[in-house]
Amino acid sequence: MAVIELKGVEKSFGSVKVIRGVDLKVEHGEFVVFVGPSGSGKSTLLRLVAGLEETSGGTILIDGRDVTNLGPAERELAMVFQSYALYPHKTIRGNMSFGLEVAGFPKDEIRQRVDEVARLLQLSDYLERKPRELSGGQRQRVAIGRAIVREPVAFMFDEPLSNLDAGLRVDMRIEITKLHQRLGATMIYVTHDQVEAMTLADRIVVLDKGIIQQTGSPLELYEHPANLFVAQFIGSPKMNVLPAAFKEGRISINGGVGIEAGKMTGTDVANVGIRPDDIEISPDGTGLIHGKVDVVERLGSDTFAYVAVPGAHAVTVRAPRDSAVAIGQDVGLTFRPERLQIFAVDGTSLRLRPGV
Amino acid sequence: MAIVSKTANSASFRNSRRWLTVALALYFIYTFIPIFYVIVSSTKSNADLFGTFGLWFSGDFHFWQNLQDLFTYQDGIFSRWLLNTILYSVVSGVGAALFATFAGYAFSKFEFVGKKLSFALVLGAVMIPQTALVIPIFLLLSKVGLVNTPWAVILPSLVFPPGVFLMKVYADDALSNELIEAGRVDGAGEVHIFFNIAFRLLTPGFATVLILAFVATWNNYFLPLVLLNSSDNFPVTVGLSQWYALATSGSGGAVLFSIVMAGSLVSIVPVIAAFLIMQRYWQGGLGAGGVKA
Ligand SMILES: Nc1ncnc2c1ncn2[C@@H]1O[C@H](COP(=O)(O)OP(=O)(O)O)[C@@H](O)[C@H]1O
Ligand SMILES: [Mg+2]
């Protein structure tokens with residue numbers, strides 16, 4: 001277990017700034033997920049923590065010890081790579097033993113530890129095989145096992161599930177959650193998949209362009225996004241964004257009627273956001289905004305209606321599965337004003353958060 | 001855009017296949033004739049060599065006699081030359097392949113000051129034939145007193161720029177960065193990672209460079225010709241050419257032609273053997289399974 005602390009961490013490749021000053025504290029036993037679009041610097045940040053890249057600025061502390069200039073092994077972390085990175089010429093046992101052999105552990109203890117971890121991960125029957133003789137899911141478990149045997153102070157995962165097919169990915173996700181509960185170790189996990197982030201994380205760190213956009217629990221991010229980027233990145237389907245303006249103490253959405261906004265931190269309103277689950281379809285002529293139903297997707301559990309609203313992007317509505325909504329229908333859309341997210345011209349949220 | 005390919009049964013496919021076969025057959029004959037000539041000639045007596053059709057065997061099978069003459073002429077110095085060639089080729093082949101692997105790995109996996117420039121120099125060096133450097137090499141080695149020693153052939157042959165280029169490209173492809181990083185996270189030092197992880201995955205590339213460097217030294221003529229002067233140090237190439245010169249000069253050496261032919265044949269055999277032995281190390285896909293699905 002370990003506390004990992006980043007202070008003003010920066011990284012440039014040549015003249016390109018990839019990480020622009022990151023401050024973050026990961027607590028003992030916490031499961032933190034870095035999420036963000038491709039190229040946002042998630043991997044780079046993780047690799048900086050792991051010691052696989054040198055920082056261009058700032059400090060990294062593990063349990064209070066400054067490790068900024070230490071190599072990966074000296075940080076006593078383990079890493080699970082996207083490509084698994086198993087040693088192809090070694091057996092599964094050889095792969096899992098390697099780190100302990102390098103560290104000079106006695107043979108008996110290595111054998112015992114590997115056997116134990118193999119049992120935990122249901123790999124006991126495969127120990128004498130080579131990686132190429134295993135399925136993708138099994139290889140991923142070996143990569144995790146290789147990390148576990150060394151009893152590291154923290155685990156780093158870089159998109160470990162992205163090479164698996166969808167079904168296996170869900171299974172492995174659950175296994176990783178269980179593993180975290182059992183080991184109680186500090187884990188940092190990188191993914192571009194916000195669903196993975198929401199399901200795994202104690203705390204999510206949303207990155208964009210090398211800057212932390214927001215940190216918080218999955219629900220916090222969902223309900224109180226700090227800015228337009230986070231609002232649109234977290235949640236599926238995406239949050240709807242409509243143009244809005246502040247007029248005489250009320251917010252006018254898409255040029256329509258003004259609604260009571262509640263407490264706000266500013267008045268330079270540019271957009272409002274509303275989640276598809278928070279919108280209801282009402283008969284034509286009622287509701288806060290109106291449009292024409294463009295597409296209807298029936299998924300069984302839900303029905304999604306895409307409503308073309310003049311002057312705005314199509315609005316996604318999550319309707320009950322037995323909704324009678326039909327293509328071409330003129331509809332009104334209603335929602336509770338307190339579910340509205342309000343964004344300023346620069347994208348920051350203007351909604352006063354409870355407790356802030 | 002679809003590429004509509006011809007099926008195996010279409011007339012135009014069979015037609016183009018026929019022409020391709022003819023073209024390849026001609027090329028095969030063209031490359032094989034000299035080897036065939038050597039094989040045929042080495043079975044002939046000196047008289048038959050000039051008295052019978054060059055591309056077919058004569059009635060008199062003189063091969064064993066030629067072989068015996070080859071290994072006994074001038075107190076059997078040919079065996080000495082053969083051993084020299086083997087020594088020079090094995091040492092410089094293994095050495096050049098090792099250096100190429102070290103350098104290629106470094107160029108592929110490390111960032112260091114002057115990397116671009118030094119790799120450009122390697123590429124430039126590929127274009128320069130060793131022949132052009134033989135005289136400077138001679139001058140350099142004579143300064144340190146290494147002329148007419150085995151080192152005079154071995155040292156220059158350890159420098160094999162195409163091998164460095166090959167190994168760099170091979171390491172780019174066959175060795176993922178994540179694998180090396182996994183080793184680092186596991187606590188292994190760079191040397192340990194190189195020999196225990198990287199080298200195993202670079203073996204097919206190493207084998208390729210080894211065979212290329214081996215053959216290059218095996219066939220090298222000009223370098224040993226210039227740098228060696230005592231017959232005891234000669235490799236087969238220089239030795240045989242001296243016998244050939246003796247034979248053409250006419251002064252009682254005419255008998256040597258069939259020996260030179262047999263010697264040529266004998267000098268080809270180990271190269272073919274080396275190719276066959278090294279073949280099993282070429283099997284790619286050694287890296288399969290460790291990285292990605
Ligand atoms: N070794 C490198 N050299 C140069 N640029 C790099 C290197 N590694 C990453 N980058 C750049 O840094 C940015 C962030 O990369 P990365 O951290 O891999 O993003 P993510 O993992 O979020 O997709 C990208 O624009 C990428 O091109
Ligand atoms: Mg990445």
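Below, chain A is the first sequence line, B the second, and so on; all start at residue 1. Computation of the quantities below employed the complete heavy-atom set of this structure, encompassing side-chain atoms and omitting hydrogens, waters and symmetry-equivalent molecules. Keep in mind the model is a prediction, meaning the values are calculated, not measured.
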### Query
Of the backbone (N, CA, C, O) and the side chain (C-beta and beyond), which part of A/L77 lies under 4.5 Å from a heavy atom of chain B, both, or neither?
backbone
### Query
B/G187 and A/A73: which non-hydrogen atoms are nearest, and at how many Å?
CA-CB, 3.3 Å
### Task
Please check if the side chain of B/E178 supplies one atom and the backbone of A/F81 the other of a donor-acceptor pair under 3.5 Å.
no
### Message
Apply side-chain contact (heavy atoms from CB on, under 4.5 Å) to residues B/F199 and A/H89 and explain how you reach the verdict.
### Response
CA-CA 11 Å; B/F199 194 78; A/H89 57 291; over 6 Å; no
### Message
I'd like to check A/R47 versus B/E181 (side-chain heavy atoms, cut-off strictly below 4.5 Å). Are they in contact?
### Response
yes
### Query
Should the heavy atoms of other residues, nucleotides or ligands under 6.0 Å from CD of A/E54 be counted, would the total exceed 12?
no
#### Entry: Reference residue B/V185; test side-chain contact (heavy atoms from CB on, under 4.5 Å); the match among A/R75, A/M156, A/R150
A/R150
### Atom pair CZ (A/F98) and NE2 (B/H192), whose distance is rounded to the nearest 0.5 Å
4.0 Å
### Query
Do B/L179 and A/P88 touch side chain to side chain, with heavy atoms closer than 4.5 Å?
yes
### Query
Closest heavy-atom contact between A/R146 and B/A182?
NH2-CB, 3.6 Å
#### Entry: Interface residues of residues 101-110 of chain B facing chain A - heavy atom cut-off under 4.5 Å
none
Name the atoms and distances for all side-chain donor-acceptor pairs under 3.5 Å in residues 99-112 of chain A, with sequence neighbours left out.
unit_1: A/E109; atom_1: OE2; unit_2: A/R113; atom_2: NH2; d: 3.4

### Message
Using a 6.0 Å cut-off, check whether atom NZ of A/K7 has over 12 heavy atoms from anything other than its own residue.
### Response
no
### Task
Could you grab the distance from atom CD1 of B/I180 to atom CG of A/L52, nearest 0.5 Å is fine?
11.5 Å
